[in-house]
Amino acid sequence: MALKDIKGVGPRALTLLSKIGINTVDDLVTHYPFRYEFLVRGNLAETNDGDHIIIDGKIESSPILVRFKAGLNKMNFRLVTNSGVVGVSIFNRAFLKSQLTVGTIVTVIGKFDKSKNVITASEIKMESLSNKVKIEPVYHLTSGLTNKNMALYINMALLSQSKEIHDSIPIKYQEKYNFSNKRTALNIVHNPPSKEKLKEAMIRLKYEELFEFMFKINYLKEENKKTNSGIIRDIDDSKVNEFISHLPFELTKDQVDAVNTIIKDLKSPNRMNRLLQGDVGSGKTIVSFIAMYANYLSGYQSALMAPTEILATQHFSNLKDIFANYNLNMALLTGSTPKKEKDLIYEDLKNGDIDIIVGTHALIQDDVIYNNLGLVITDEQHRFGVNQRANLQNKGQKPDTLYMSATPIPRTYALTIYGDMDVSTIKTRPKGRKRIKTIVKTNKEIKDVLELMYEELKQNHQIYVIAPLIEESENSDLTNVNDLKEKMTLAFGSKYKIDLVHGKMASAAKELIMREFLQNKVQILISTTVIEVGVDVPNATMMVIFNAERFGLSTLHQLRGRVGRSKLQSSCILISDNDTKRLEIMEHTNDGFEISEEDFKLRGHGDLFGTKQSGDMTFKIADLKRDYKILLQAREDSLEYLLNKESDANKIKLISSIIHS
Ligand code: ADP
Ligand code: MG
């Protein structure tokens, strides 16, 4: 059944609903209330003068209408309630008069004037409070769509769905937990008869959502176990060790562990499917380079994917440095690679002349044919959803995969949402790194900030300055980068070069400025959050962030990670006039794991994956943190269900939804 076939949903409603992402009947019935209003029946004797009251009763006298002037009228009537008779007056509801006849049962919500025994109502509902408590769902809406209409559409949809609504919970678990069926649960969530029933129904719907999610994760995990890569690798460990001994620094213990584990994975006949997580600046990149070298030694091609061109370009130039004395063929492929060059690269990938290819996601898409792809690495891929993971694994060739993420996820959650992957964690920081000093300042203290910046510049160090907006905006007084560039030029322009990058610039222009910053031809780089991920300029020792309250703690931590990348003392200044309590957490800790735990406490899982989180990592009713116990149960049950030899229609449907997404 289509949305348009539901009684009461006309063309106008269709347009409004689609504005908030409701395009199917399923979208509609799972448009869950974001909160509930609890209406508790009051009692006249127990309500104090001036207090708010909700009370139902029978109309005793015909309403008297008084018109004061155009647009102002008042109606008075008497109401018989369980706790006595009370006068009711309400403004500007003349249109209700015909419905408010003697004997009608209504509920009145308003303010109680005890001495006059009158309720000045703000609302009159044409029904009684059937129980002592009435629970009203409150929905996310869009202008033109009322809460009442939304409730109506949803209820019409629930009524007119003749077929049973699709339910992912297998019968066995329905019975085990004594769950109601899906339609009943949906009905309760949209029309709660009591707090207890509502809670039960919500648990059931959350469980279903998490069951489906964990089923997919478990499925991927089991599939990974089954498929052998078929790559029989020979890796000469002595060559790898020699390469490591020639690096400009000594690997940290965690880096060594990660390298060893990855090489073991590469050698094993099972396909590697590993997440390498480590705080910003912990040195994940070099680990991936070593993995690519080992893969090269075994005779296979590697692909390194980065989320942005800037980052891909930086990786490429690092690779060229690190492998300067080795005979590897490497290429960079991004959106701005000229067509001719692109075609040549495709050609070389196909005939095996390229050993390592670096680029954006285009690398694993359709028309790129590899000669013998042995290893795929994705950098900064905390935004990779389950379905995308499945896609990558369904590619014709079966390369080993390594995902790198700088968003440390509390271990317990990593175990579940990355449950299909093995996880390596780098916790130790490279030697000699100092803690990034972080301070919160208000806009009034901007002079202090400029002085601190000047101190840094005098020592020939560089500075990042971040603001949330690109240009001035009418409906926002947030700082914009264009404005900042003018101000910074006024303050420092005579001695230092100041430049600007932002997301709307052409990538060639961005690239050029980034390179100038890297070469210290630019001393102050102003930017929006485009530099959030990965960029590495060790001589940059200060970061100043305007409107810091606009960012989640994890994002601020990522941004801050652009400094403190050498032995130099680095600092970060967060400028904000409000929300300073939250920001002060940043002053006290430099530990990404701790910060993500704090973020988790403050904002639920919302910020964990950044704003652009992958669609299948968002939940409609469940919350990873609040519903963690349900998540664990769903994980256990869905695995048991998956491993059970019997296959029912529900199972087949679940599996095909993973494969065909
Ligand atoms: P991230 O984990 O955030 O991707 P990078 O890989 O960019 O971090 O590393 C940050 C910086 O630290 C780079 O300049 C890198 O060369 C350097 N680095 C990595 N490992 C070490 C180490 N063991 N000792 C010293 N410096 C290191
Ligand atoms: Mg990195």
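Residue numbers run from 1 in the order of the sequence given. Counting starts at 1 for both ligands and their atoms, following the listed order.
- Put simply, the side chain of Asn218 gets close to the backbone of Met214: a donor and an acceptor are under 3.5 Å apart.
- Residue Gly278 places no heavy atom under 4.0 Å from ligand 1.
- Here Met404 has no heavy atoms under 4.0 Å from ligand 1, in either its backbone or its side chain.
- Considering both main-chain and side-chain atoms, Phe249 never comes within under 3.5 Å of ligand 1 through any nitrogen or oxygen pair.
- Here Ser424 pairs with Arg274 under the side chain to side chain donor-acceptor pair (under 3.5 Å) rule; sequence neighbours left out.
- The existence of a salt bridge linking Glu455 and Lys458 is confirmed by a sub-4.0 Å separation between a basic side-chain nitrogen and an acidic carboxylate oxygen.
- Listed by chain and residue number, Tyr454 satisfy the side chain to side chain donor-acceptor pair (under 3.5 Å) test with Lys495 (two or more places apart in sequence, or in another chain).
- Atom numbering of ligand 1 starts at 1 in the shown order; those under 4.0 Å from a heavy atom of Ser282 are 2 (O), 8 (O).
- Atoms of ligand 1 lying under 4.0 Å from any heavy atom of Thr285, numbered from 1 in the order shown and given with element: 4 (O), 5 (P), 6 (O), 7 (O).
- Between atom 26 (N) of ligand 1 and the options Arg433, Lys284, Arg565, the minimum heavy-atom separation is to Arg433.
- For the pair Val280 and ligand 1, the shortest N or O to N or O distance does not fall below 3.5 Å.
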Taking it one step at a time, do Lys497 and Glu516 satisfy salt bridge (charged side-chain N to carboxylate O under 4.0 Å, His left out)?
CA-CA 10 Å; Lys497 182 146 187 238; Glu516 288 189 342; 3.4 Å; yes

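- At a 3.5 angstrom cut-off on N or O pairs, Lys431 does not count as close to ligand 1.
- One finds no salt bridge joining Asp400 and Arg271 here, because no Lys/Arg side-chain nitrogen approaches an Asp/Glu carboxylate oxygen to under 4.0 Å.
- Listed by number with element, the atoms of ligand 1 under 4.0 angstrom from any heavy atom of Glu250 are 22 (C), 23 (N), 24 (N).
- Near Thr252, meaning under 4.0 Å from one of its heavy atoms, ligand 1 places the atoms 23 (N).
- Ile575 places none of its side-chain heavy atoms less than 4.5 Å from the side chain of Ile545.
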